[in-house]
Amino acid sequence: MALLDAFQTAGLEYTTAFNESSAVIMAATDAQLTGLPGVAILSLAPGVSNGVNGLLNTYLEEVPLILISGQHPAAALPFVVRQGFNIEQLVTPITKWRGKVTADMNVPGIVGKAVDEAMSGKPGPVYLELPDAVATSEGVATDAARAVAAARLKSHWVDEQPAPAPASADAVAALATRLAEAHRPALIVGGRKRRVTPATVDAFANAFRVPVFTTSRQKGVLHSGNPFFAGTFLNGRLEKDLLDRADLVVAIDPESFDYYNKGWCFAADAVAITTESFAEWANPFAAQIVADPESLLSALVASGGGASDWTSDEVADYRRGVRAKLLPESTTTFSVAHAIDAALDTWPRDGYVTADAGFGKPLIVMLSDLTEPDHFLASNALSTMGYSIPAAVAARRAGARPVLSFMGDGSLLMRATELMVSADDGAPAVFIAIMDRALTQIEVKQERRNLAEVGVVLPPVMCGKLADAFGIDGVDVDNADDLRVAIAKGLAGSRPMLIGAHVDPAPSRVLFDLLRG
């Protein structure tokens, strides 16, 4: 309460989230979009325990975040029964660093250290414990100390940083030799950080006639405006149609946190390009080239390139084949895939898209074609339900681009209250709940293993009525045309739009097999 009062005095806007895990996801999403640490403030004990899911997601996604909570006074804590708990011990496995603020401490210094710890090396969340008695005590830091800490942080993380060392001649020669020896090379752009610019990937694809896949985290680094854009790599069955013909696969920052964690879907030699020592052992690599990918690809383009045996028509045929398999023209059924495709077809390709965990996520990944990097947001490493709505709320507040949020009915029931946080935020926001009345991915897996289908059936939910109760716009649809109309209305409206897309679950079994085998 003292902290909220201080916010008011300082002119900082405060909005209540309705679930602590949602609040952490919102802060982490802001960090992903700005490149600077998000800040989540939770109450002691139950506030932090409720936020653990969001904190674990942030830790596994390697997103910088500062988590702050209160605590009982140190002298009283051993005797406290009600909400007396060692919070630091709870968060230790899922934070990079932890610190306690004391009354006589250099507070700008510990805040600065928290930011440095969250941002340096492998980014991640850190924890600051702020006991109530300390928070309400008179500060000892001078204006000069605060200014020094702020200037130091600005120079570390805000001002323009030195460019990575250019790729060595040996690294350039090593990849050039691999490409010259290959008749059908392919490129996969992966990893958590953007290592290459869209312009460089575009130039490399054209110069070497190389089909380019991006993982879901790197969506927008290349798009269908390039004739050699192959789409998204999930390490699934669909990509095999193209990669089975490849004789070399070059992977930038290959890391299985955002694609299927299983053996390669291709047989060709894989070569990894990484900026540092390699810790990915899930799949074999014929070679590793340690170099800055941006300068490495740029140097190869400057050298004149080299034509492979691929043609742009082959890449286009592959992409058409993916769509034909996921969206067969012979069916009139309103499937999950048809609902997702209709929504994406209506949505601006430079807008934000968030996807929840579950059956729809890989379909969204395969069918979306975004033109801007960092505009596709999903829980990858943890793949937790309940991610999409709070991520969309944060994305909507971070910029003027419209936000499209996909989720299943199960995820909607987990996080529906957060729709009200976003009610007056300005930029258009459309939330689409795929209503198939089941936890479909679990249900399909139970069927495939001949297990009893237990705990997967969900109650029918009418999104129009739910939206009306929350003070936002809402509608229920059961066909692609009505879905497009509803999305267009949401884009033009001033309030969030919640759409219940009531689909036929029967095709989901075929779709699951197409994606994963």
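Quick caveat: nothing in here was measured; it's all calculated off a predicted structure. Position 1 is the first residue of the sequence, and the numbers go up from there.
Note that the NZ atom of K325 and the CE atom of M366 stand 10.0 Å from one another [nearest 0.5 Å]. How far CD of E20 is from OG of S49: 7.5 Å, rounded to the nearest 0.5 Å. Taken from NE2 in H502 to CG in D478, the straight-line distance is 8.0 Å, to the nearest 0.5 Å. To the nearest 0.5 angstrom, D258 atom CG is 8.5 Å from R192 atom CZ. Expressed to the nearest 0.5 Å, how far CG of D341 lies from OG of S368 amounts to 10.5 Å. With rounding to the nearest 0.5 angstrom, the OG1 atom of T333 is 5.0 Å from the CG atom of D504.
For K262, the NZ atom is densely surrounded, since the number of other residues' heavy atoms within 6.0 Å is greater than 12. Atom CZ of R516 sits in a crowded spot, with more than 12 heavy atoms from other residues, nucleotides or ligands closer than 6.0 Å.
Considering every non-hydrogen atom in both A186 and L243, the closest pair reads CB-CD2, 3.8 Å. The shortest non-hydrogen separation linking Q32 to L377 is OE1-CD2, 4.2 Å. In terms of heavy-atom proximity, F229 sits nearest to H223 at CB-O, 3.1 Å. Between T346 and L491, the closest heavy-atom pair is O-CD1, 4.0 Å. Considering all non-hydrogen atoms of both residues, Y352 and D374 come closest at CE2-O, 3.9 Å. The two residues G263 and N235 come nearest to each other via the heavy atoms O-ND2, 3.3 Å.
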Step by step, work out the side-chain contact (heavy atoms from CB on, under 4.5 Å) result for V430 and W347.
-> CA-CA 10 Å; V430 175; W347 199 251; 3.6 Å; yes
Dump the intermediate steps for side-chain contact (heavy atoms from CB on, under 4.5 Å) on Y14 and I41, then the final yes or no.
-> CA-CA 11 Å; Y14 174 79; I41 301 172; over 6 Å; no
Take K465 and D468, measure what salt bridge (charged side-chain N to carboxylate O under 4.0 Å, His left out) needs, and give me the verdict at the end.
-> CA-CA 5 Å; K465 292 182 177 180; D468 185 59; over 6 Å; no
Decide side-chain contact (heavy atoms from CB on, under 4.5 Å) for V24 and L42; before the verdict, give the C-alpha distance in whole Å, the side-chain angles of both, and the deciding distance to 0.1 Å.
-> CA-CA 9 Å; V24 177; L42 307 181; 4.0 Å; yes
Check against side-chain contact (heavy atoms from CB on, under 4.5 Å), V212 and N226 = CA-CA 9 Å; V212 176; N226 185 290; over 6 Å; no
side-chain hydrogen bond (donor to acceptor under 3.5 Å, both in side chains) evaluation trace for T384 with N57 | CA-CA 7 Å; T384 181; N57 181 76; over 6 Å; no
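With sequence neighbours excluded, the residues forming a ring-ring contact (aromatic ring centres under 6.0 Å, His included) with F285 are W264, F278, listed by chain and number.
A salt bridge does not link D253 to K193: none of the charged nitrogens lies less than 4.0 Å from a carboxylate oxygen. For the pair D513 and R237, the salt-bridge criterion is met [side-chain N within less than 4.0 Å of a carboxylate O]. Salt bridge annotation for R415-D356: absent, with no cationic side-chain nitrogen under 4.0 angstrom from a carboxylate oxygen. Look at D481 and R484 and you find a salt bridge, because one of the NZ, NE, NH1 or NH2 atoms lies within 4.0 Å of a carboxylate O, short of that distance.
Inspection of the S69 and Y127 side chains reveals an N or O donor paired with an N or O acceptor under 3.5 Å. One side chain, D369 or S224, offers a donor N or O that lies under 3.5 Å from an acceptor on the other.
N283 places none of its side-chain heavy atoms less than 4.5 Å from the side chain of S256. D482 places none of its side-chain heavy atoms less than 4.5 Å from the side chain of V475. Annotation: side chain of H338 is not in contact with side chain of P507 (no heavy-atom distance under 4.5 Å). Annotation: side chain of D409 is not in contact with side chain of V461 (no heavy-atom distance under 4.5 Å). Looking at F228 and S312, their side chains come closer than 4.5 Å, going by heavy atoms from C-beta outward. Counting heavy atoms from C-beta on, the side chains of T417 and N19 never come closer than 4.5 Å. A heavy-atom distance below 4.5 Å is found between the side chains of L498 and L412. You'll find the side chain of L515 reaches within 4.5 Å of the side chain of Y260, heavy atoms only.
Using a distance-only test at 3.5 Å, with no hydrogens or angles considered, no donor-acceptor pair links the side chain of E372 to the main chain of G351. A donor-acceptor pair is defined here as one N or O able to donate and one able to accept, closer than 3.5 Å; such a pair exists between the side chain of E239 and the backbone of G236. Between the E61 side chain and the N380 main chain, a donor and an acceptor come within less than 3.5 Å of each other. D476 contributes a side-chain N or O that, together with a main-chain N or O of G464, makes up a donor-acceptor pair within less than 3.5 Å. Checked by atom type and distance alone, the side chain of K96 pairs as donor or acceptor with a backbone atom of E117 at under 3.5 Å. Judged purely by atom type and a 3.5 angstrom limit, T95 has no side-chain atom pairing as donor or acceptor with the backbone of V126. Remark: the backbone N or O of F18 is paired with a side-chain donor or acceptor of E418 at under 3.5 angstrom. A distance-only check finds no donor-acceptor pair linking the side chain of E443 to the backbone of E453 [under 3.5 Å]. Looking at K219, its side chain never comes within 3.5 Å of a backbone N or O of T214 through a donor-acceptor pair. For the pair T34 (side chain) and L36 (backbone), a donor-acceptor distance under 3.5 Å is present.
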All N/O donor-acceptor pairs, side-chain side in residues 398-408, below 3.5 Å, sequence neighbours left out:
| from | atom 1 | to | atom 2 | distance (Å) |
| --- | --- | --- | --- | --- |
| R401 | NH1 | D350 | O | 3.1 |
| S405 | OG | T354 | OG1 | 3.2 |
| S405 | OG | S388 | O | 3.4 |
| S405 | OG | S388 | OG | 2.6 |

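Between F213 and F233, the two ring planes are perpendicular [angle over 60°; tilted spans 30° to 60°].
In this structure, R217 forms no cation-pi arrangement with F257, as its terminal cationic atom is not both closer than 6.0 Å to the ring centre and no more than 45° off the ring axis.
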